[in-house]
Amino acid sequence: MNVIVNNKTLELPDAAKLSALFEKLSIASPQGIAIAINEQVVPKSEWESCVLKDNDAVLLIRATQGG
C-alpha cells in the first residue's frame with residue numbers, strides 16, 4: 001500500500017502500523033515527534049495500535065531546539 005508522508009509517497013505493507021513507518025524512515029526513537037493522519041492528530045498513546053490504510057496522508061513533525 002502507499003501512504004503519503006509529508007507530501008512524499010512511501011510504500012508499506014498492507015495494514016502496517018506506525019512502527020513500520022518509523023522503521024521505513026529510520027526513526028529509532030520517536031521522541032519529540034507529533035503525528036497527524038488525514039489531518040487528525042494521533043495521540044502518542046494510540047501509536048502502537050494505529051493501523052495505516054492505503055493513501056493515508058501522514059504529517060510527521062519533529063520538534064527542534066534553537067532560537
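These numbers were taken from a predicted model, which means no experiment stands behind them.
In plain terms, the two heavy atoms of K53 and V3 that are nearest each other are O-CG1, 3.7 Å. Listed here is the closest heavy atom pair of L12 and A20: CD2-O, 4.1 Å.
With a 4.5 Å cut-off between side-chain heavy atoms of Ile, Leu, Val, Met, Phe, Trp and Tyr, the cluster of I61 takes in L59.
When side chains are defined from C-beta on, I35 does not count as touching V41, because their heavy atoms never get closer than 4.5 Å. Looking at L60 and I27, their side chains come closer than 4.5 Å, going by heavy atoms from C-beta outward. A 4.5 Å side-chain heavy-atom check between N6 and V58 finds every atom pair outside the cut-off.
I4 and M1 fall into different hydrophobic clusters, where Ile, Leu, Val, Met, Phe, Trp and Tyr residues are linked whenever their side-chain heavy atoms come under 4.5 Å apart, directly or through other members.
Of the inter-residue distances, the one linking N55 atom CG with N2 atom CG reads 6.5 Å to the nearest 0.5 angstrom. I33 CD1 to W47 CH2: the interatomic distance, rounded to the nearest 0.5 Å, is 5.5 Å.
Between the side chains of D56 and N38, a donor-acceptor pair is found at a separation under 3.5 Å.
For the side chain to side chain contact (heavy atoms under 4.5 Å, CB included) test, residues two or more places apart in sequence or in another chain that qualify with V51 are A15, K17.
Other residues, nucleotides and ligands place no more than 12 heavy atoms under 6.0 Å from the CG atom of N7.
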